[in-house]
Amino acid sequence: MNPTVEIIAITPAMAEQWLGKNLHNRNVRPRVVELYARDMAAGAWELNGEAIKFAVDGTLLDGQHRLHAIVKAASTVPALVIRGLPRETQTTMDTGAKRTSGDALALLGENHAKTLASVARRVTMWDRYDRKDYATQGSIATNAELITTIERYPDMRASAEFADQYRKTISLAAAPLGFCHWALCGISVDHADVFFHGLATGADLGRRNPVLVLRERLKEELLSSSRTPERGLVAMVFKSWNDSRVGKERGLIRFSSTESFPIPK
């Protein structure tokens, strides 16, 4: 039997039926299903040539996550379907290098693509939490969601460029630095320029100036054996920003996991 190839609009009922032939496959990863389902429900799922694959005997070889997502999203999705493959071909499937979000943005012609993808992921989560908290652990967004976020906030590109240029000078990784730059520029570009210049140089800042205190703390973090989680670093940036906005001095800066996350003002 030669393999057959066709494009089929797969309904949720059809997907459930096909999953009944999923007799020999890896464990389902719920997080992957959730990501696929979000894109499908939003109408952002593209027909990209990746196929649902069946063996000669009808066993599902590849595509279980997409089928579960169709059921979860209650959406009808077009897909390439290949039938009649030898069972042993399953061992060669999904063995290539995964394309990252940064790779996807670079293919779209974006500059600073890796950092832009990381910043966009954090901004997507910031929006999802209604700007009341900052999430990094387990924070996943689909490529389509990241592209939508970048289209909504095109000034994020300048923040990604800034982060790649100043991440070593400011002693903060590019992703959180780009996010902070984007968030604070959204409040006041003029004040953000002064704030980040102070973080980068420390020039003309008094000993108890919150920006200088933050600058020294970030430098200490690089030498510390017990690093503060990214959420804590961003919280300290926002604390310093809020203090600098009202001219408040401070002798040290810290953030405890029991504190409410500070919102920049």
Salt bridge (Lys or Arg N to Asp or Glu O under 4.0 Å) partners of [X], counting only residues at least two apart:
{"X": "Arg254", "answer": "none"}
{"X": "Lys239", "answer": "Glu259"}
{"X": "Lys21", "answer": "none"}
{"X": "Arg131", "answer": "Asp127"}

Should Arg157 and Ile150 be marked as a side chain to side chain contact (heavy atoms under 4.5 Å, CB included) after you check the CA-CA gap, both sets of side-chain angles, and the distance that decides it?
-> CA-CA 8 Å; Arg157 295 180 174 93; Ile150 294 167; 3.5 Å; yes
Looking at [X] and [Y], what are the two nearest heavy atoms and their distance?
{"X": "Ala113", "Y": "Glu110", "value": "CB-O, 3.8 Å"}
{"X": "Asn143", "Y": "Ala104", "value": "ND2-CB, 3.7 Å"}
{"X": "Ser260", "Y": "Phe255", "value": "O-CE1, 3.6 Å"}
{"X": "Ala55", "Y": "Arg87", "value": "CB-CD, 3.4 Å"}
{"X": "Val119", "Y": "Ala175", "value": "CG2-O, 3.8 Å"}
{"X": "Ile70", "Y": "Ala15", "value": "CG2-CB, 4.0 Å"}

Please confirm whether the backbone N or O of [Y] pairs with a side-chain atom of [X], one donor and one acceptor, at under 3.5 Å?
{"X": "Arg83", "Y": "Val56", "result": "no"}
{"X": "Asp243", "Y": "Arg250", "result": "no"}
{"X": "Arg231", "Y": "Ser257", "result": "no"}
{"X": "Ser75", "Y": "Val77", "result": "no"}

Set of side-chain hydrogen bond (donor to acceptor under 3.5 Å, both in side chains) partners for [X], sequence neighbours left out:
{"X": "Ser256", "result": "Thr258"}
{"X": "Arg215", "result": "none"}
{"X": "Ser240", "result": "none"}

Please step through side chain to side chain contact (heavy atoms under 4.5 Å, CB included) for the pair Phe54 and Val81, ending with a clear verdict.
-> CA-CA 8 Å; Phe54 293 93; Val81 178; 3.9 Å; yes
Intermediate values then yes/no, side chain to side chain contact (heavy atoms under 4.5 Å, CB included), Leu67 and Ile10 | CA-CA 8 Å; Leu67 294 176; Ile10 305 174; 4.1 Å; yes
Given the side-chain rings of Phe179 and Tyr134, with only the six-membered ring counted for Trp, is the space between their centroids under 6.0 Å?
->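 Here the rings of Tyr134 and Phe179 have centres that are less than 6.0 Å from each other.
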Path from [X] to [Y] over hydrophobic side-chain contacts below 4.5 Å:
{"X": "Ile263", "Y": "Tyr129", "result": "no"}
{"X": "Met125", "Y": "Val237", "result": "no"}
{"X": "Leu146", "Y": "Val32", "result": "no"}
{"X": "Val28", "Y": "Ile52", "result": "no"}
{"X": "Ile187", "Y": "Trp126", "result": "yes"}

Residues 205-214 side chain polar contacts: donor-acceptor under 3.5 Å, at least two apart:
| unit_1 | atom_1 | unit_2 | atom_2 | d |
| --- | --- | --- | --- | --- |
| Asn209 | OD1 | Val211 | N | 2.8 |

Hey, are Ser101 and Arg121 close enough side-chain-wise for a donor-acceptor pair under 3.5 Å?
->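 Yes, Ser101 and Arg121 have a side-chain donor paired with an acceptor closer than 3.5 Å.
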Looking just at side-chain N and O atoms, do Thr124 and Glu145 make a donor-acceptor pair shorter than 3.5 Å?
->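 On atom types as modelled, these side chains do not qualify, holding no pair under 3.5 Å.
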Pairwise side-chain contact, Arg152 with Val123, heavy-atom cut-off 4.5 Å (strictly under) |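 No, too far: nothing below the 4.5 Å cut-off.
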Are there more than 12 heavy atoms of other residues, nucleotides or ligands under 6.0 Å from atom CG of Asp57?
->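 Yes, the 6.0 Å shell around CG holds more than 12 heavy atoms from other groups.
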Straight-line distance of [X] [atom1] to [Y] [atom2], nearest 0.5 Å:
{"X": "Gln64", "Y": "Asn22", "atom1": "CD", "atom2": "CG", "result": "4.5 Å"}
{"X": "Leu184", "Y": "Trp241", "atom1": "CG", "atom2": "CH2", "result": "5.0 Å"}
{"X": "Leu61", "Y": "Lys53", "atom1": "CG", "atom2": "NZ", "result": "8.5 Å"}
{"X": "Thr142", "Y": "Asp39", "atom1": "OG1", "atom2": "CG", "result": "3.5 Å"}
{"X": "Met156", "Y": "His181", "atom1": "CE", "atom2": "NE2", "result": "12.5 Å"}
{"X": "Leu218", "Y": "Met236", "atom1": "CG", "atom2": "CE", "result": "6.5 Å"}

Listing, residues 162-173 side-chain donor-acceptor contacts under 3.5 Å, not counting sequence neighbours, or none:
| unit_1 | atom_1 | unit_2 | atom_2 | d |
| --- | --- | --- | --- | --- |
| Asp164 | OD1 | Thr115 | OG1 | 2.5 |
| Asp164 | OD2 | His112 | ND1 | 2.8 |
| Asp164 | OD2 | Thr115 | OG1 | 3.4 |

Who are the side-chain contact (heavy atoms from CB on, under 4.5 Å) partners of Asp155, not counting sequence neighbours?
->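 Result, side-chain contact (heavy atoms from CB on, under 4.5 Å) vs Asp155: Tyr153, Trp182.
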SB check Arg31 Glu34 (cutoff 4.0 Å) =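 No, this pair does not count.
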Is it true that Glu221 and Arg217 have a side-chain N and a carboxylate O under 4.0 angstrom from each other?
->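 Between Arg217 and Glu221 there is a salt bridge, with a charged N closer than 4.0 Å to a carboxylate O.
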Could you go through residues 40-50 and list every donor-acceptor pair under 3.5 Å that involves a side-chain atom there, pairing it with any protein atom two or more places apart or in another chain?
| unit_1 | atom_1 | unit_2 | atom_2 | d |
| --- | --- | --- | --- | --- |
| Asn48 | OD1 | Glu50 | N | 3.0 |

Extract all donor-acceptor atom pairs below 3.5 Å that involve side chains of residues 188-200 and protein atoms in other chains or at least two apart in sequence.
| unit_1 | atom_1 | unit_2 | atom_2 | d |
| --- | --- | --- | --- | --- |
| Ser188 | OG | His191 | N | 3.1 |
| His191 | NE2 | Ser244 | OG | 3.1 |

Evaluate the criterion side chain to side chain contact (heavy atoms under 4.5 Å, CB included) for residue pair Leu35 and Ile140; output intermediate values, then yes/no.
-> CA-CA 8 Å; Leu35 290 174; Ile140 298 179; 3.2 Å; yes
